[in-house]
Asks: 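Right, I'll just put the structure down here and ask away after.
Keep in mind the model is a prediction, meaning the values are calculated, not measured.
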Amino acid sequence: MAASLQETGLDGYTEDGTVDLHGNPVLRSKTGRWKACSFIVVYEVFERMAYHGISTNLILYMTRKLHQGTVASANNVTNWSGTVWIMPILGAYIADAHLGRYRTFMIASTICLMGMGLLTLAVSISSLKPPPCLEVNKGNCKQASKLQLAVFFGALYILALGTGGTKPNISTIGADQFDDFHPKEKAQKLSFFNWWMFSIFFGTLFANTGVVYIQDNVGWSLGYGLPTIGLAVSILIFVAGTPFYRHKLPGGSPFTRMANVIVAAARNWRLPLPNDPKELHELEFEKYSIERAFRIDSTSSLRFLNKAAIRTGSTEPWKLCSVTQVEETKQILKMIPILVCTFIPSTMLAQTHTLFIKQGTTLDRSVGSHFQIPPASLSAFVTISMLLSVVIYDRIFVKIMQRLTKNPRGITLLQRMGIGMILHIMIMTIASRVERRRLYVARENGLVQNGGEIPLTIFTLLPQFILMGTADAFIEVAKIEFFYDQAPESMKSLGTSYAMTSLGVGNFLSSFLLSTVSHITKNNGNGWILNNLNASHLDYYYALIAVLSAINFFVFLIVSKLYVYKAEVCGSINVLADELKERN
């Protein structure tokens with residue numbers, strides 16, 4: 001009998017509802033785990049090389065080649081980046097409701113490749129860009145025509161549309177390769193997001209060094225052509241791993257299901273809730289088993305929504321919902337306050353590829369007598385710092401904290417986010433003081449009005465870049481894992497898109513702050529952000545962001561204190577916790 005059970009898959013098949021591309025159950029031994037993830041991780045290395053090969057130096061292309069001013073170019077970069085990171089909501093919806101993650105990803109990656117190809121043409125063909133200009137004030141240069149801008153920005157936003165389908169699904173596909181019901185695979189999954197971020201920043205490191213150097217010293221055509229080729233290679237690598245992937249079936253539109261719950265609860269608002277949650281409407285276990293889905297018990301949080309499951313004699317989905325459907329809606333809604341608290345940290349990240357890099361253009365970039373460091377290459381120090389921090393965190397910090405807290409993760413995900421937010425406050429405080437020093441040297445050397453190069457090494461900016469990488473190892477990794485882990489099983493892509501949405505809103509918020517501060521301070525006769533940074537006051541602007549970060553951190557403390565983590569759908573995490581207690 002035992003042999004029969006094993007042959008039919010109670011041991012051999014995955015238990016988390018994953019299937020192959022054709023909808024058939026998959027054997028644990030032949031699919032998933034790090035074997036499948038190796039293709040996905042390698043894809044991400046190349047894809048991030050492509051994305052950051054474009055985004056890291058984009059502000060310098062806009063100022064040097066399209067002749068845009070500081071505020072205009074910075075806002076164009078953050079508006080585009082905001083769109084890149086906000087579009088994953090659409091991609092997550094399509095994946096969870098209709099096509100599934102794999103098919104959505106494949107279509108979206110093709111769109112990305114089209115956008116990259118068009119962008120490479122836009123920077124390569126002379127008729128698609130204005131003539132060169134060496135004026136310090138780019139307002140005196142011939143501006144790009146409407147056609148030139150249309151082609152360039154059209155390519156950028158085609159790329160943004162494609163990333164909307166790739167970004168929320170690729171990391172989710174990776175996490176799907178580990179069965180939550182298998183303790184060993186659950187343990188591997190806890191490390192997955194650390195190494196996922198490691199792969200991201202490995203690709204970013206190459207972009208911030210090799211690709212950026214080529215763009216500054218060889219040419220933009222090759223500098224954009226290489227990321228395009230890299231993206232094409234990464235898609236082929238991903239496709240090669242198809243036989244080994246595990247897939248989650250689409251669960252229907254998450255937005256419709258949540259709307260069902262909210263409307264049904266509103267309709268039943270006058271009805272009293274039964275004392276026993278078992279009297280609420282729920283489907284039979286067999287129904288969930290057939291659909292390879294998970295049943296969730298009723299909880300007391302957001303109790304008003306439980307009224308959507310009160311039996312009234314109607315079976316209409318807008319009047320009656322199952323307890324599981326109600327709890328899934330709660331899980332998504334409960335994460336929104338945490339999501340809002342990540343907007344300011346994401347605004348800070350926008351500074352690393354806009355104003356931080358513009359600062360670098362005003363400093364001495366010489367190393368020796370023949371080599372000039374591209375300003376955007378300073379972002380490589382964010383990457384290096386992040387890579388080292390992730391390894392130290394995963395291999396040393398977690399092990400120490402496991403002994404102290406008996407938590408398999410070492411510390412909770414929200415605690416990890418909080419540490420990153422504290423580091424952000426420190427970063428902007430340091431950035432403000434460094435900028436004050438830069439302005440002092442500019443005044444001492446009479447370089448305020450002409451905007452000339454300041455006799456101060458570009459490595460003066462290193463502390464803010466290095467600390468940003470350390471902060472990323474805490475807040476960015478925790479953010480992705482938190483929104484994936486706390487999302488319902490049927491809405492994982494939507495949950496992952498929350499992390500992307502945070503970055504999108506953060507970039508738009510950066511554009512808003514920059515434009516508003518620039519406008520107000522110019523009207524007062526002492527502009528903080530001008531085309532001539534030597535006559536600006538970025539130190540005040542950075543101090544403002546530090547204050548906003550401090551306020552946001554205290555709000556986050558309150559919100560995280562009130563947050564209740566969702567119950568695990570399986571006991572694997574508890575098994576790991578028990579093992580830690582036994583060791584100690």
Asks: Examine the side chains of Asn534 and Arg438 and answer whether a donor and an acceptor come within less than 3.5 Å of each other.
Replies: yes

Asks: Tell me if the NE2 atom of His98 is crowded by more than 12 foreign heavy atoms within 6.0 Å.
Replies: yes

Asks: Would a 4.5 Å heavy-atom cut-off, applied to side chains only, mark Phe474 and Ile422 as touching?
Replies: no

Asks: Show your working on salt bridge (charged side-chain N to carboxylate O under 4.0 Å, His left out) between Lys479 and Asp472 and close with a plain yes or no.
Replies: CA-CA 10 Å; Lys479 192 165 65 176; Asp472 283 350; over 6 Å; no

Asks: Within the structure provided, determine whether Val390 and Met386 are in side-chain contact (heavy-atom separation under 4.5 Å).
Replies: yes

Asks: State, without any angle test, whether Ser346 and Asn507 hold a side-chain donor-acceptor pair at a distance under 3.5 Å.
Replies: no

Asks: Using 0.5 Å steps for rounding, measure from the OG1 atom of Thr457 to the CG atom of Leu461.
Replies: 8.5 Å

Asks: With distance as the sole test, does Ser432 use its side chain to make a donor-acceptor pair with the main-chain N or O of Thr429 at under 3.5 Å?
Replies: no

Asks: Give me the one residue out of Thr347, Thr78, Thr83 that meets side chain to side chain contact (heavy atoms under 4.5 Å, CB included) with Phe508.
Replies: Thr83

Asks: Tell me, yes or no, whether the heavy-atom count around Phe554 atom CZ, taken from other residues, nucleotides or ligands under 6.0 Å, exceeds 12.
Replies: no

Asks: Between Trp85 and Thr501, is there a side-chain heavy-atom distance shorter than 4.5 Å?
Replies: no

Asks: So, is the end of the Lys167 side chain (NZ or CZ) under 6.0 Å from the ring centre of Tyr51 and within 45° of the ring's axis?
Replies: yes

Asks: Between the side chain of Gln148 and the main-chain N/O of Ser127, is any donor-acceptor distance below 3.5 Å?
Replies: yes

Asks: Can you check whether Thr470's main-chain N or O pairs, donor with acceptor, with Ser385's side chain at less than 3.5 Å?
Replies: yes

Asks: Can you tell me how far apart CZ (Phe465) and CD (Gln351) are? Round to the nearest 0.5 Å.
Replies: 10.5 Å

Asks: Does a donor on one side chain and an acceptor on the other come within less than 3.5 Å for Ser497 and Tyr93?
Replies: no

Asks: Is Asn76 reaching over with its side chain to a backbone N or O of Ala72, donor-acceptor style, under 3.5 angstrom?
Replies: yes

Asks: Let's go through Asp539 and Leu439 carefully: what are the C-alpha distance in whole Å and the side-chain angles of both, what is the deciding distance for side-chain contact (heavy atoms from CB on, under 4.5 Å) to 0.1 Å, and is it a yes or a no?
Replies: CA-CA 9 Å; Asp539 54 335; Leu439 293 175; 3.7 Å; yes

Asks: Thr56 and side-chain hydrogen bond (donor to acceptor under 3.5 Å, both in side chains): which single residue from Thr352, Asn208, Thr204 fits?
Replies: Asn208

Asks: I'd like to check Ser81 versus His353 (side-chain heavy atoms, cut-off strictly below 4.5 Å). Are they in contact?
Replies: yes

Asks: With a 6.0 Å cut-off on the ring centroids, do Phe152 and Tyr157 count as close?
Replies: no

Asks: Rounded to the nearest 0.5 Å, what's the gap from CE on Met49 to CG on Leu226? Could you check?
Replies: 6.5 Å

Asks: Search all heavy atoms of Gly53 against all heavy atoms of Val211 and return the closest pair with its distance.
Replies: CA-CG1, 3.8 Å

Asks: Examine distances only and state if a side-chain atom of His52 and a backbone atom of Asn57 form a donor-acceptor pair shorter than 3.5 Å.
Replies: no

Asks: Can a cation-pi geometry be assigned to Arg101 and Tyr245, taking NZ or CZ under 6.0 Å from the six-membered ring centre and within 45° of the ring axis?
Replies: no

Asks: Apply side chain to side chain donor-acceptor pair (under 3.5 Å) to Tyr102 and Thr242, showing your working.
Replies: CA-CA 9 Å; Tyr102 180 88; Thr242 299; 2.7 Å; yes

Asks: Indicate whether the side chain of Thr166 and that of Glu47 have a donor and an acceptor atom separated by less than 3.5 Å.
Replies: no

Asks: Take Asn75 and Ser515, measure what side chain to side chain donor-acceptor pair (under 3.5 Å) needs, and give me the verdict at the end.
Replies: CA-CA 8 Å; Asn75 283 347; Ser515 297; 2.5 Å; yes

Asks: Would you say the side chain of Ile235 lies within less than 4.5 Å of the side chain of Phe46, judging by non-hydrogen atoms?
Replies: no

Asks: Step through it carefully: locate the ring centre of Tyr540, locate the ring centre of Trp528, and say whether they are under 6.0 Å apart.
Replies: yes

Asks: Say whether, by atom type as modelled, one donor and one acceptor occur between the side chain of Thr104 and the main chain of Leu99 under 3.5 angstrom.
Replies: no

Asks: Can you tell if the side chain of Tyr498 reaches within under 4.5 Å of the side chain of Ile89, non-hydrogen atoms only?
Replies: no

Asks: Taking all heavy atoms of Leu514 and all of Tyr541, pick out the closest pair and write down the distance.
Replies: N-OH, 3.6 Å

Asks: Can you tell me how far the CD atom of Gln68 sits from the OG1 atom of Thr70, to the nearest 0.5 Å?
Replies: 10.5 Å

Asks: Identify the heavy atoms of Ala97 and Pro254 that sit nearest to each other, and give their distance.
Replies: CB-CD, 4.2 Å

Asks: Mind checking whether Leu60 and Pro375 have side chains closer than 4.5 Å, heavy atoms only?
Replies: yes

Asks: Please check if the number of heavy atoms outside Phe202 that lie under 6.0 Å from its CZ is greater than 12.
Replies: no

Asks: Would Phe356 and Tyr542 count as a ring pair (Phe, Tyr, Trp, His ring centres under 6.0 Å) here? Give the steps.
Replies: CA-CA 10 Å; Phe356 283 10; Tyr542 290 159; 5.5 Å; yes

Asks: For a side-chain contact (heavy atoms from CB on, under 4.5 Å) check, start with the C-alpha distance between Leu156 and Leu58, then their side-chain angles and the critical distance, and finish with the verdict.
Replies: CA-CA 10 Å; Leu156 281 178; Leu58 188 57; 4.3 Å; yes

Asks: Verify whether one side chain among Ser73 and Lys358 offers a donor that lies under 3.5 Å from an acceptor in the other.
Replies: no

Asks: When you compare the side chains of Thr120 and Thr228, does any donor N or O come within less than 3.5 Å of an acceptor on the partner?
Replies: yes

Asks: Give a yes-or-no answer on whether the side chains of Asp176 and Tyr484 include a donor-acceptor pair shorter than 3.5 Å.
Replies: yes

Asks: Got a donor-acceptor contact below 3.5 angstrom from the Thr516 side chain to the Leu513 backbone?
Replies: no

Asks: What are the two closest non-hydrogen atoms of Thr163 and Pro88, and how far apart are they?
Replies: O-CG, 4.4 Å

Asks: Would Asn79 and Ser511 count as a side chain to side chain donor-acceptor pair (under 3.5 Å) here? Give the steps.
Replies: CA-CA 7 Å; Asn79 287 338; Ser511 295; 2.9 Å; yes

Asks: Assess, by modelled atom type and distance only, whether the side chains of Glu453 and Thr362 contain a donor and an acceptor separated by less than 3.5 Å.
Replies: no

Asks: Using the benzene-type ring in the case of Trp, are the ring centres of Phe371 and Tyr213 under 6.0 Å apart?
Replies: yes

Asks: Quick one, Ser124 with Leu121, criterion side-chain contact (heavy atoms from CB on, under 4.5 Å). Give me CA distance, side-chain angles, the key distance, then yes/no.
Replies: CA-CA 5 Å; Ser124 302; Leu121 291 176; 5.6 Å; no

Asks: Mind checking the CD-CE spacing from Glu476 to Met417? Nearest 0.5 Å is all I need.
Replies: 9.5 Å

Asks: Please assess Ser549 against Met421 for the test side-chain contact (heavy atoms from CB on, under 4.5 Å), listing each intermediate value before the final yes or no.
Replies: CA-CA 7 Å; Ser549 298; Met421 291 182 184; over 6 Å; no

Asks: Has the side chain of Ser510 got a donor or acceptor atom that lies under 3.5 Å from a matching backbone atom of Gly506?
Replies: no

Asks: Mind checking whether Val77 and Ser55 have side chains closer than 4.5 Å, heavy atoms only?
Replies: no

Asks: Do the side chain of Thr460 and the main chain of Leu456 share a donor and acceptor less than 3.5 angstrom apart?
Replies: no

Asks: Any chance you could measure Ile54, atom CD1, to Gln215, atom CD, to the nearest 0.5 Å?
Replies: 6.5 Å

